[in-house]
Amino acid sequence: MSERAPLLGVRDLAVSFTTEEGPVRAVDGVDLELRAGEVLAVVGESGSGKSVTAMTLMGLTRGPNAAISGAATFEGTELLAAGDAELRAIRGNRMAMIFQDPMSSLDPVYRVADQIVEQIRAHRDLGKEEARERAIELLDAVGIPDAAKRADSYPHEFSGGMRQRAMIAMALSLEPSLLIADEPTTALDVTVQAQIIELLRDLNRERDLSILLITHDIGVVAEIADRVAVMYAGRIVEYGTLDEIFYEPQHPYTWGLLGSLTRIDRPRPRRLPQIPGMPPSLLAPPQGCHFRPRCAHAFDRCLEVPGLAPRLADAPGHLDRCWLEPERKRELREADSSSALEQPR
């Protein structure tokens, strides 16, 4: 893919929330860059800060108990410093979001088309009938059968996959340049998941739509992403192209995620490897590398916080947050992979 100008740039983003038990640092110094026409996947376990990062970019985490710092620039606009009116002009119009659960995102007492019409008319000087025609066109474009008739249905009359398609239609209604898809395939069966991913991939190719994909499913990432940011306990721990992440992973957490996938091009393992332990509490995260307590290869220096930096001379854009040397990582990856394989009979 050719080098294109950054559409979205995030620098040192930090988000913490005040709770009765103390401050929770949900996002801890995140750096991201999304280029025009690119798909960037942010992947990690639940609670890693993926959705908080996305919602902060949309201005949805602002509140008296939230502390936000850093910088986030979208099409020349500084999002974190933007006022509420300026953000309302951006949301839905230039930057749209598909939320995790379409059933709770759609208003159950309004017809599907009416909800799309409301968004269109909030940003465009269109009459109700013209906006409705646009809504039906969008529902048809995302694969809703008999769109003109189903436009008058309520959300509960749609299946899970159709509701997700309706949310995508709403997100596309104003032709934004950036679509944030937060776990768009959660709770869908595998066939519908594949259809939604194919739809997003087509939108990226045909409309040159930039997509920020939030997911915990590394298999979904392999289907659609150009670049990948691996997130753990509020921090980006690895960042690179899809091929770099899948074929030369540099962080032990990334190895663990990739190890959870079955590979048809390798011998069958005795069992799928698992990452021991649980993600840390962000009320009191571990000292140094947040992954240290769960890492089988931790050593003394891991008590210091590693920076997100390039380790490979031939891949300056492939960044990771781990103190191990690249050659040592390769040895450990191969040893971990060998130990998981089924013993010959």
Side-chain angles (χ1 to χ4, degrees), residues 39 51 54-55 57-60 84-189 191-215 224:
V39 179
S51 294
M55 289 192 291
L57 298 178
M58 295 286 287
L60 301 178
D84 290 342
E86 191 173 9
L87 275 177
R88 282 195 298 271
I90 294 172
R91 283 195 298 255
N93 189 18
R94 293 159 52 193
M95 180 168 60
M97 187 168 181
I98 308 169
F99 295 93
Q100 286 192 33
D101 182 3
M103 191 59 191
S104 61
S105 302
L106 292 166
D107 193 316
V109 300
Y110 286 93
R111 301 179 193 274
V112 170
D114 290 342
Q115 299 184 52
I116 300 175
V117 166
E118 181 181 15
Q119 173 162 300
I120 294 173
R121 298 190 70 196
H123 292 275
R124 298 285 189 272
D125 185 18
L126 293 179
K128 190 171 183 179
E129 287 304 315
E130 190 176 358
R132 177 180 166 80
E133 290 176 7
R134 171 67 175 154
I136 293 173
E137 289 174 3
L138 288 162
L139 290 172
D140 182 66
V142 298
I144 299 293
D146 198 8
K149 180 179 179 181
R150 299 309 303 269
D152 290 323
S153 299
Y154 291 93
H156 72 271
E157 297 176 303
F158 276 21
S159 67
M162 289 175 66
R163 284 194 292 267
Q164 195 62 284
R165 290 173 184 270
M167 285 299 302
I168 294 173
M170 184 181 297
L172 297 175
S173 61
L174 299 166
E175 300 185 349
S177 50
L178 171 60
L179 176 65
I180 300 175
D182 188 3
E183 300 281 9
T185 59
T186 296
L188 302 178
D189 63 63
T191 302
V192 178
Q193 283 185 24
Q195 294 171 356
I196 295 299
I197 292 302
E198 182 65 26
L199 174 59
L200 292 175
R201 186 163 49 210
D202 290 344
L203 292 169
N204 168 249
R205 292 170 178 170
E206 296 170 6
R207 304 190 182 203
D208 204 30
L209 178 67
S210 299
I211 299 176
L212 179 63
L213 174 67
I214 308 295
T215 183
I224 191 173

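Ile224 places none of its side-chain heavy atoms less than 4.5 Å from the side chain of Asn204. Taking the side chain as every heavy atom from C-beta outward, Leu179 and Leu200 approach each other to under 4.5 Å. Under the 4.5 Å side-chain criterion, counting only non-hydrogen atoms from C-beta, Leu57 is not in contact with Leu178. Annotation: side chain of Ser105 is not in contact with side chain of Met170 (no heavy-atom distance under 4.5 Å). In this structure, the side chains of Asp107 and Asp114 stay at 4.5 Å or more apart for every pair of heavy atoms.
Formation of a donor-acceptor pair under 3.5 Å by the Arg124 side chain with backbone atoms of Leu174 is found in this model. For the pair Arg165 (side chain) and Ile144 (backbone), a donor-acceptor distance under 3.5 Å is absent. Although no hydrogens or angles enter the test, the distance criterion places no donor-acceptor pair under 3.5 Å between the side chain of Gln115 and the main chain of Leu106. Within the 3.5 Å criterion, the main-chain N or O of Leu126 finds a donor-acceptor partner in the side chain of Arg121.
Nearest approach of Ala96 to Pro176, heavy atoms of both residues: CB-CG, 3.9 Å. What you find for Ser51 and Gln100 is that their closest heavy atoms are OG-NE2, 3.2 Å. Annotation for Arg132 and Ala113: closest pair NH1-CB, 4.0 Å, computed over non-hydrogen atoms. What you find for Ala166 and Phe158 is that their closest heavy atoms are CB-CE2, 4.2 Å. Considering all non-hydrogen atoms of both residues, Arg207 and Ala141 come closest at NH2-CB, 4.4 Å. Nearest heavy atoms, Ile136 versus Ala151: CG1-CB, 4.0 Å.
From Ser173, atom OG reaches atom CG of Asn93 across 9.0 Å, with rounding to the nearest 0.5 Å. Distance CD1/Ile180 to CZ/Phe99: 8.5 Å, rounded to 0.5 Å. If you take CD on Glu118 and NE2 on His123, they are separated by 10.0 Å, rounding to the nearest 0.5 Å. Taken to the nearest 0.5 Å, the CE atom of Met167 stands 9.5 Å off from the CE atom of Met97. Interatomic distance, Met58 CE to Met55 CE, rounded to the nearest 0.5 Å: 10.5 Å.
Taking the charged nitrogens against the carboxylate oxygens, Glu198 and Arg201 do have a contact shorter than 4.0 Å, which makes a salt bridge. Under 4.0 Å is where a charged nitrogen must lie from a carboxylate oxygen, and between Asp84 and Arg91 no such pair does. A salt bridge is defined here as a Lys NZ or Arg NE, NH1 or NH2 lying under 4.0 Å from an Asp or Glu carboxylate O, and Arg134 with Glu175 meets this definition.
By the 6.0 Å contact criterion, CD on Gln195 is enclosed, its count of non-hydrogen atoms from other residues, nucleotides or ligands being greater than 12.
Among the candidates Ile98, Leu209, Ile116, the single residue satisfying the side chain to side chain contact (heavy atoms under 4.5 Å, CB included) test with Leu172 is Leu209.
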TODO: Check the pair Leu139, Val112 against side chain to side chain contact (heavy atoms under 4.5 Å, CB included), reporting the backbone distance first and the verdict last.
DONE: CA-CA 9 Å; Leu139 290 172; Val112 170; 4.3 Å; yes
Open item on the list: Before you tell me yes or no, could you show the steps for Glu130 and Asp125 under side chain to side chain contact (heavy atoms under 4.5 Å, CB included), namely the whole-Å CA-CA distance, both residues' side-chain angles and the distance that decides it to 0.1 Å?
Closed with: CA-CA 10 Å; Glu130 190 176 358; Asp125 185 18; over 6 Å; no
